[in-house]
2 protein chains.
Amino acid sequence: MLNLHAIDATFRALAEPTRRAIVERLSLGPASVSDLARPFDMSLAAVVQHLQVLEECGLIRSEKQGRVRTCRIDPAGLGGIADWVAERRSLMERRFDRLAAILAEPDETPPDETPQT
Amino acid sequence: MLNLHAIDATFRALAEPTRRAIVERLSLGPASVSDLARPFDMSLAAVVQHLQVLEECGLIRSEKQGRVRTCRIDPAGLGGIADWVAERRSLMERRFDRLAAILAEPDETPPDETPQT
DNA sequence: ATAATAGTTTAGCAATGACTTGACTATTGA
DNA sequence: TCAATAGTCAAGTCATTGCTAAACTATTAT
């Protein structure tokens with residue numbers, strides 16, 4: 001129930017080149033907001049907004065001390081989509097296996113690979 | 001060159017619950033356009049548009065015979081994002097390992113885990 | 001031949017999303 | 001104390017996107 005919401009937010013967050021670049025940068029190590037903003041041709045405020053999106057979906061964490069906020073990757077954040085992809089693959093695999101079994105067994109009911117709803 | 005474009009399109013495609021649901025359905029086996037549309041509370045045309053997006057980014061393939069178009073997952077389609085996630089994780093790992101090595105070696109220069117740009 | 005099925009295409013609308021600007025707060029260095 | 005640095009917040013703008021409705025094509029069933 002939590003997860004279905006979370007996976008959606010995570011995919012949406014990563015569907016944006018800037019945010020993906022920020023995640024890429026942060027997987028090399030923590031950085032301040034200004035550090036993160038420097039490479040991009042946009043206002044600091046825009047980058048802050050991207051960081052909020054990334055933090056809300058759990059991809060990064062951050063804490064502020066003094067006037068500088070340090071952002072770092074949350075290692076668990078990518079888990080959701082990794083799991084989702086893995087599950088799709090495993091279900092595809094399972095289906096191929098069933099199909100292969102049927103093809104190897106030339107008797108029984110051989111037909112119709114497509115399961116209509 | 002192709003890949004950087006492709007990863008973007010793939011993430012954008014999956015950042016949409018309906019399209020993700022379609023991919024989930026198709027990882028169980030092929031289906032026609034109408035089959036795919038049935039569970040959703042939206043017009044057939046809308047689903048067709050989603051399918052176009054999914055096909056353009058290589059997540060699904062489809063061929064038409066007669067008046068029915070059969071859609072199936074392209075097993076390679078998820079590869080892009082799987083690789084991207086895996087690479088983030090590996091880079092994070094690598095960094096943790098370096099950090100652990102430094103902490104285990106109590107002499108040498110100990111400090112400063114954050115690499116400023 | 002007619003009608004029903006299956007899908008395609010286009011134009012348009014409403015909501016969302018990415019960005020900017022400008023004003024503002026809090027911390028740190030001179 | 002004054003000024004620069006680092007970040008935050010709130011509108012507002014502009015482009016993109018998800019959807020519908022409607023008109024259309026092609027195939028299959030009666």
Side-chain angles (χ1 to χ4, degrees), chain A residues 4-26 29-57 59-72 114-117, chain B residues 5-26 29-57 59-72 112 114-117:
Chain A
L4 302 177
H5 235 254
I7 192 100
D8 197 51
T10 306
F11 267 117
R12 271 214 312 274
L14 291 174
E16 221 286 347
T18 307
R19 283 195 292 260
R20 238 167 26 243
I22 290 175
V23 169
E24 287 168 8
R25 167 64 183 78
L26 285 179
S32 74
V33 173
S34 320
D35 283 345
L36 291 171
R38 205 175 335 275
F40 299 108
D41 187 23
M42 71 181 68
S43 73
L44 185 67
V47 173
V48 169
Q49 284 164 356
H50 282 308
L51 291 173
Q52 281 164 358
V53 172
L54 289 171
E55 189 149 22
E56 272 158 24
C57 77
L59 278 168
I60 72 174
R61 284 174 299 110
S62 75
E63 74 277 356
K64 194 170 179 175
Q65 51 191 3
R67 62 184 166 179
V68 40
R69 171 175 301 277
T70 301
C71 306
R72 60 191 72 241
T114 82
Q116 255 70 13
T117 315
Chain B
H5 237 255
I7 191 99
D8 198 51
T10 307
F11 268 116
R12 270 214 313 274
L14 291 174
E16 220 286 348
T18 307
R19 283 194 293 259
R20 239 167 25 244
I22 290 175
V23 170
E24 288 169 7
R25 167 64 183 80
L26 286 179
S32 74
V33 174
S34 320
D35 284 345
L36 292 171
R38 206 174 333 276
F40 299 108
D41 186 22
M42 72 180 66
S43 73
L44 185 67
V47 172
V48 168
Q49 284 163 359
H50 282 308
L51 291 173
Q52 281 165 356
V53 172
L54 289 171
E55 187 149 22
E56 271 158 25
C57 76
L59 278 168
I60 72 173
R61 285 174 297 110
S62 76
E63 74 277 358
K64 194 169 180 176
Q65 52 190 2
R67 61 184 165 178
V68 40
R69 173 174 300 276
T70 301
C71 305
R72 59 191 74 242
D112 204 3
T114 82
Q116 256 69 14
T117 316

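Here is the naming used below: chain letters follow the sequence lines, and residue numbers restart at 1 for every chain.
Within the 4.0 Å cut-off from OP1 or OP2 of C:dA4, not a single side-chain nitrogen or oxygen of B:Arg67 is found. For D:dT20, the OP1/OP2 oxygens have a side-chain nitrogen or oxygen of B:Ser43 closer than 4.0 Å.
With distances taken from any side-chain atom of A:Ala45 to the nucleotides C:dC19, C:dG22, D:dA21, the minimum falls on C:dG22. Considering only side-chain atoms of B:His50, the nucleotide from D:dT20, D:dC19, C:dC19 that sits closest is D:dC19. Minimum atom distance to the side chain of A:Lys64 is reached by D:dT8, of the listed D:dT5, D:dT8, D:dT28. Distances were taken from every side-chain heavy atom of B:Val33 (C-beta onward) to each of D:dT8, C:dT8, D:dA6; the shortest belongs to C:dT8. Nearest to the side chain of B:Thr18, among C:dT8, D:dG18, D:dC19, sits D:dC19. In this structure, of D:dT8, C:dT8, C:dA4, it is C:dT8 that holds the atom nearest to the side chain of B:Val48.
Rounded to whole Å, the distance from CD on B:Gln65 to P on C:dT5 is 20 Å. Taking atom CD of B:Glu55 as the reference point, atom C1' of C:dT8 lies 13 Å away to the nearest angstrom. Distance CD (B:Glu63) to P (C:dA6): 17 Å, rounded to an integer number of Å. Counting to the nearest Å, the C1' atom of D:dT17 and the CG atom of B:Asp8 are 15 Å from each other. In this structure, the CZ atom of A:Phe11 is 17 Å from the P atom of C:dG17, given to the nearest Å. Put simply, CE on A:Met42 is 10 Å from P on C:dA18, counting in whole angstrom units. In this structure, the CG atom of B:Asp35 is 13 Å from the C1' atom of C:dT5, given to the nearest Å. What separates CG of A:Leu54 from P of C:dG17 is a distance of 14 Å, to the nearest Å.
In this structure, the side chains of A:Leu36 and A:Leu26 come closer than 4.5 Å at one or more pairs of heavy atoms. When side chains are defined from C-beta on, B:Met42 does not count as touching B:Gln49, because their heavy atoms never get closer than 4.5 Å. In this structure, A:Arg19 and A:Val23 have side chains that are not in contact, with every pair of non-hydrogen atoms separated by 4.5 Å or more.
Each of B:Leu51 and A:Asp41 has a nearest nucleotide on DNA chain C; the 5'-most of these lies closest to B:Leu51. Comparing A:Leu44 and A:Arg12 along DNA chain C, the residue whose closest nucleotide (by nearest heavy atom) sits nearer the 5' end is A:Arg12.
Among the atoms of the strands shown, base atoms are found under 4.0 Å from some heavy atom of A:Gln49. Counting any heavy atom pair closer than 4.0 Å across all strands shown, B:Gln52 reaches sugar-phosphate atoms only and no base atom.
Taking SG from B:Cys71 and CG from B:Leu51, the interatomic distance works out to 5.0 Å, rounded to the nearest 0.5 Å.
Heavy-atom neighbours of B:Gln65 CD from other residues, nucleotides or ligands within 6.0 Å: at or below the threshold of 12.
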